There are 2 protein chains.
Amino acid sequence: MKLREGVEWAAHCCINLSWVAPDKAVKAARLAAFYDLPAAYLNKQLNALGRAGIVSSQSGPRGGFRLGRGPEQITLMDVAAAIDGSAQAFLCTGIRHNGPAGELGAPDGYRTPCSVSRAFSSADLLWRRQLAAQTVADLAAEVRRANPAAPDYVRHWFDRN
Amino acid sequence: MKLREGVEWAAHCCINLSWVAPDKAVKAARLAAFYDLPAAYLNKQLNALGRAGIVSSQSGPRGGFRLGRGPEQITLMDVAAAIDGSAQAFLCTGIRHNGPAGELGAPDGYRTPCSVSRAFSSADLLWRRQLAAQTVADLAAEVRRANPAAPDYVRHWFDRN
DNA sequence: GAACGGGTACTCGGATAACTATTGTCCGAGTGACTGTGG
DNA sequence: CCACAGTCACTCGGACAATAGTTATCCGAGTACCCGTTC
């Protein structure tokens, strides 16, 4: 089980975007440069955030990305789902319906869902709840507590160019 | 984020193995036939379970697999870790140390762990706890509740050959 | 009749190949800003 | 001086390639059983 690397990038970018002036768009290349990331690929991830409404984008000169809504309205689950998809980790393929095992459920098939599937779903649910409980604003506040200079530093760095 | 398909197979096989006589080994081909799975590939997964001590294996005629310990001692987390690896879903690559972002932590580097990483770790922890709280014995009992005929059916089917 | 040794068939285990998904790159479409011209 | 049209440079967005990871297959190593032989 592995999350795509883009999730990390996207989360950090959201935090940074929460610190720049709301009316200022930051272009992908600039966001990438802050962490030495491949610009074109980060752009791809930001596209995904855009499709999910987490950021809004604008083409052309003075274009770029900005948060699509307040940072307290964006959860980590939103970000993870936008980049990595919202499918749950365990996909029940229903193997118990195949072969001799299928006879057990006859004649009307299994009625209750697979116990294995339910077990994993319950774990998934906790994972999702925990991510949904943490917003970009929360993370930004935490970063600020550990490093009070961060917001200003970020804002000014993105203001240049 | 996606778990390997083998996790599902392994979980079901563990449940089935919990129902056959403890001194009877079941060969991979037989376990596979029960669900119409590719035998050689399932064998690979069972190898992984063996390396983790979840099942014990024996070569040669009358060989096969059996549970390495009582089903109440095997958690779903054990199974998932054996097949899918125990690394957590979110791997912090520490991008904040790269490029201009790295200057923020200067001169002695960041001291507290990345807030994004911590957020995902907390979700991971809940996921793991939930899986670790459910044993193969629990799942087997649940299957039995939904379908009381299952244990006998399985035991007898695996007894033939 | 019992014990022993060799052969045989069977099953796991890891090495090898095919395939799918993720990661990375590139170029075209769209957009706003700038410049020069005319009123 | 102001308004306007044309041109240009810039940035996103999706199409295309490279790489890594997962899925599937195959053959060799090891093991217990069976059978024939010998004491």
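As a basis for the values below, the full set of heavy atoms in this structure was taken, side chains included, without hydrogen atoms, waters or symmetry mates. We name chains A, B, ... by the order of the sequence lines, and we start the count at 1 in each one. Values in this document were obtained by computation on a predicted structure and should not be read as measured data.
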Could you list all N or O pairs between the protein and nucleotides 24-35 of chain D that sit under 3.5 Å apart?
from: D:dG30; atom 1: N2; to: B:Gly60; atom 2: N; distance (Å): 3.4

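- Distances from the side chain of A:Asn47 to the nucleotides D:dT23, C:dC12, D:dC12 place D:dC12 closest.
- The shortest non-hydrogen separation linking B:Gly6 to B:Ile83 is C-CG2, 3.9 Å.
- B:Gly64 comes within contact range of the sugar-phosphate backbone alone, with a heavy-atom separation under 4.0 Å but no base atom that close.
- Using a 4.0 Å cut-off, no side-chain N or O of A:Arg30 falls inside it from OP1 or OP2 of D:dT11.
- Taking atom NZ of A:Lys27 as the reference point, atom C1' of C:dG32 lies 14 Å away to the nearest angstrom.
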task = Evaluate side chain to side chain contact (heavy atoms under 4.5 Å, CB included) for A:Phe65 paired with A:Asn43, printing each intermediate quantity in order.
result = CA-CA 10 Å; A:Phe65 297 89; A:Asn43 188 26; 3.5 Å; yes

task = Kindly determine whether A:His12 and B:Cys114 satisfy side chain to side chain contact (heavy atoms under 4.5 Å, CB included), including the steps that lead there.
result = CA-CA 10 Å; A:His12 281 283; B:Cys114 173; 3.4 Å; yes

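- Residue contacts shown for B:Ala25 are absent, as no nucleic acid heavy atom lies under 4.0 Å away.
- At the heavy-atom level, B:Ala28 lies under 4.0 Å from the strands shown only through sugar-phosphate atoms.
- Nucleotide C:dT11 holds its C1' atom 13 Å from the CZ atom of B:Arg66, rounded to whole Å.
- Note: A:Phe34 and A:Tyr153 have tilted aromatic rings, judged against thresholds of 30 and 60 degrees for the angle between ring planes.
- Relative to the axis of its first five pairs, the axis of the last five pairs of the helix from C:dG1-D:dC39 to C:dG39-D:dC1 sits at 10°, rounded to 10 degrees.
- Rounded to whole Å, atom C1' of D:dC12 lies 10 Å from atom CG of A:Leu46.
- Side-chain nitrogen and oxygen atoms of A:Arg4 include none within less than 4.0 Å of the OP1 or OP2 phosphate oxygen of C:dA21.
- By the criterion of side-chain heavy atoms lying less than 4.5 angstrom apart, applied directly or through intervening Ile, Leu, Val, Met, Phe, Trp or Tyr residues, A:Leu126 is not grouped with B:Leu131; the two fall into different hydrophobic clusters.
- The phosphate of D:dT11 (OP1 or OP2) has no side-chain N or O of A:Ser57 nearer than 4.0 angstrom.
- Rounded to an integer number of Å, the gap from CZ of A:Phe65 to P of D:dT11 is 11 Å.
- For the pair A:Arg30 and A:Trp157, the cation-pi test (distance below 6.0 Å, angle within 45°) is passed.
- Ring geometry for B:Phe120 versus B:Phe90: interplanar angle under 30°, hence parallel rather than tilted (30 to 60°).
- Regarding B:Gln45, its CD atom lies at a distance of 13 Å from the P atom of C:dG14, rounded to whole Å.
- Atom pair A:Leu3:CG and D:dG21:P shows a separation of 15 Å (rounding to whole Å applied).
- Remark: side-chain polar atoms of B:Arg66 are paired, donor with acceptor, to backbone N or O of B:Asp23 under 3.5 angstrom.
- Across A:Leu49, A:Val26, A:Asn47, a single residue satisfies side chain to side chain contact (heavy atoms under 4.5 Å, CB included) together with A:Val55, and that is A:Leu49.
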